[in-house]
Amino acid sequence: MNDIICLVDCNNMFASCELAFRPDLRGRPVVVLSSNDACCIARSYEAKALGIKMAQPYFQVRHFEKTKGLIAFSANFTLYTDMSQRIVSILEKFSPDVSPYSIDESFCVLPSLNNMNLEHIGKQIRGAILKQTGIGTGVGISTTKTLAKLANNAAKKFPKSGGVVDLVTDPNRRERMLAVMDINEVWGVGKALTAKLTAMGVNTALDLSKFGETAAKTQFSVVLARTVSELNGIPAIPADDTVVVNRQIIASRSYGEKIFDKETVFSSIVHHVSRGVKKLREQGAVAYSISVTIGTNANSSIDKQYQNAGTCRTAVGSDDLKTFTELARKALDQIWREGFPYAKSGITINDITPKSNVQNDLFDLPTEPEDKKSEAVQSVIENINNRYGLGSAVVASHKQGGDWQPKSEQRSPAYTTSWADIPIVKA
DNA sequence: TCTGGGGTCCTAGGACCC
DNA sequence: TCTGGGGTCCTAGGACCC
């Protein structure tokens, strides 16, 4: 018998987190902004009703502050991550096998017992999360991840569902649901595929399920073939095999204002390298290459344009901050051009492998005392940064700070992770 | 004037090898 | 003038997701 897969997805996650601590704002349009207060990345129902789109630039909707009482928060990921972890612990009370898929959704395998009322369990899950965190969710239940995702979309689309759609108990319900869902609502079908498929007369999820796996594979790709299989209830996406090590680690930011100065750009890159290497070490991994990207604001019609990326490698896998900072410096030297109004920078760490996989071969040098020293220095730096915040201590001698930090002017307090910010209830 | 950031997987095509 | 065929590895870029 197939596993029963349940997808739990938070409604308007970031906006809901903010509202959970600001009940006084309920009923008002609320958005959460991306880094630099640039785009709307979460919207309350009321904000959606105003026609504000996902990732819409904030300057285009700011006028609603005056006319419609729109409230904007700068993104507060510390808060959202903490809330997300609370929700996962709630789910673990219902399922022995919870795999978080993103900050606002998790797949859970439900134990399959006879005569189990799946819809009832879905409602219990929703109720528990709402009661304990104040966040609304949708629940989709089926035998494949793709169907569970689609059922979840249907739960949100049709209020009559009460937020839970179960495709397991009544087998006919699958086909009825597929018939009313457009292909662009299917997980894995984006803009490009939607255009191609609709041109071929494939309009609904049901059409796609009948397209045929072979046709999908030959005319499109193995990815779409898997989707077709999953829509027919046959699992094709392998279970999450507890991959703890990322394939790549990215850290990038847009600047609060335009930067012309190389050393300021480098100081932003040093910051990104610190974040990236921290993540690499947390995963117990080493990496062999790092890319540095810099660029002007591609959306500007007046700025002189330049974008480029440079990559540097190390022959020996490393998780050393100093090593990667030096490599990043070299990469920046390769691509730097004077005289452009730089708007962003980033780094990508690639060729990552768990430390335990690295074998010392014939040509590897034995660990030198120098390496041990570097390791010790890095531990100290990490401790300082953990305690006082990233960037409090850095390795390379370079100009500190520089005016590149993104804007974040409307950040909410760290309600759940800082004693100083704990909300006070007046009763 | 003002347009985010962090990921995954797949594919095509070039380099290279025998 | 004629100019193999099959395989692997790597990389850049596309598509998609949240």
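All chains are named by letter (A, B, ...) in the order of the sequence lines, taking the proteins before the strands, and each is independently numbered beginning at 1.
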Requested in this report: List the steps, then state whether salt bridge (charged side-chain N to carboxylate O under 4.0 Å, His left out) holds for A:D333 with A:K262.
Outcome: CA-CA 9 Å; A:D333 288 344; A:K262 185 177 180 185; 2.8 Å; yes
Query raised in the report: Dot-bracket for DNA chain C: what is it, with Watson-Crick or G-U pairs under 3.5 Å, [ ] where a pair crosses earlier ones, and | for a pair to another strand?
Result: ....||||||||||||||
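A salt bridge links A:R281 with A:D319: the closest approach of a Lys/Arg side-chain nitrogen to an acidic carboxylate oxygen falls below 4.0 angstrom. The pair A:E230-A:R226 does not meet the salt-bridge criterion, since no charged nitrogen lies less than 4.0 angstrom from a carboxylate oxygen. The pair A:D320-A:K322 does not count as a salt bridge, with every side-chain nitrogen at least 4.0 angstrom from each carboxylate oxygen.
Within residues 179-192 of chain A, the residues approached by DNA chain C to less than 4.0 Å at the level of any non-hydrogen atom are A:V186, A:W187, A:G188, A:V189, A:G190, A:K191, A:A192, in residue-number order. Only at 4.0 angstrom or more do the heavy atoms of residues 33-71 of chain A sit from any atom of DNA chain C, so none qualifies.
The aromatic rings of A:Y306 and A:Y342 lie perpendicular to each other, with more than 60° between the two planes, well past the 30° mark.
Distances shorter than 4.0 Å separate some side-chain N or O of A:S252 from OP1 or OP2 on B:dG6. Contact check, A:K149 against C:dC18: a side-chain N or O comes under 4.0 Å of OP1 or OP2. Dashed line: the shortest gap from a side-chain N or O of A:S254 to OP1 or OP2 of B:dG5 is under 4.0 Å. Between B:dT3 and A:N297, a contact under 4.0 Å exists linking OP1 or OP2 to a side-chain N or O.
As a whole-Å value, the separation of A:W404 CH2 from B:dG4 P is 16 Å. In this structure, A:Y255 places its OH atom 11 Å from P of B:dG5, rounding to the nearest Å. Between A:F14 atom CZ and B:dG4 atom P the separation is 16 Å, expressed in whole Å. Rounded to a whole Å, the CZ atom of A:R253 is 12 Å from the P atom of B:dG4. Separating the CD1 atom of A:I237 from the P atom of C:dC17 is a distance of 11 Å, rounded to the nearest angstrom. At whole-Å resolution of the value, NZ in A:K145 and P in C:dC17 are 15 Å apart. In this structure, A:I103 atom CD1 and B:dG6 atom P are separated by 13 Å, rounded to whole Å.
One side chain, A:D104 or A:S102, offers a donor N or O that lies under 3.5 Å from an acceptor on the other. Side-chain atoms of A:S318 and A:Y288 form no donor-acceptor pair, as typed in the model, at a separation below 3.5 Å. For the residue pair A:S268 and A:S345, a side-chain donor N or O sits within less than 3.5 Å of a side-chain acceptor on the partner. For the residue pair A:T296 / A:D303, no side-chain donor-acceptor distance below 3.5 Å is found, with atom types taken as modelled.
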Using a 3.5 Å cut-off and no angle test, enumerate the donor-acceptor pairs between side-chain atoms of residues 195-203 of chain A and protein atoms at least two apart in sequence or in another chain.
| from | atom 1 | to | atom 2 | distance (Å) |
| --- | --- | --- | --- | --- |
| A:T198 | OG1 | A:T194 | O | 2.7 |
| A:T198 | OG1 | A:A195 | O | 3.2 |

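Side-chain atoms of A:N308 never come within 3.5 Å of backbone atoms of A:T293 as a donor-acceptor pair (strictly under, hydrogens ignored). At distances below 3.5 Å, at least one donor-acceptor pair connects side-chain atoms of A:R126 with backbone N or O atoms of A:G162.
As judged by a 4.0 angstrom heavy-atom cut-off over every strand, A:A251 is placed among residues touching the sugar-phosphate backbone only.
B:dG4 sits 15 Å from C:dC17 when the C1' atoms are compared, rounded to a whole Å.
Within the 4.5 Å cutoff, no side-chain heavy atoms of A:M13 are placed close to those of A:S16.
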Every protein N/O within reach of nucleotides 8-12 of chain B N/O, cut-off under 3.5 Å:
| from | atom 1 | to | atom 2 | distance (Å) |
| --- | --- | --- | --- | --- |
| B:dT8 | OP1 | A:N246 | ND2 | 3.4 |
| B:dT8 | OP1 | A:R247 | N | 3.0 |
| B:dT8 | OP2 | A:Q248 | N | 3.3 |
| B:dC10 | OP1 | A:R226 | NH1 | 3.1 |
| B:dC10 | OP1 | A:R226 | NH2 | 2.8 |

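For residues 6-18 of chain A, the pairs satisfying salt bridge (Lys or Arg N to Asp or Glu O under 4.0 Å) are A:D9-A:K156, with sequence neighbours left out.
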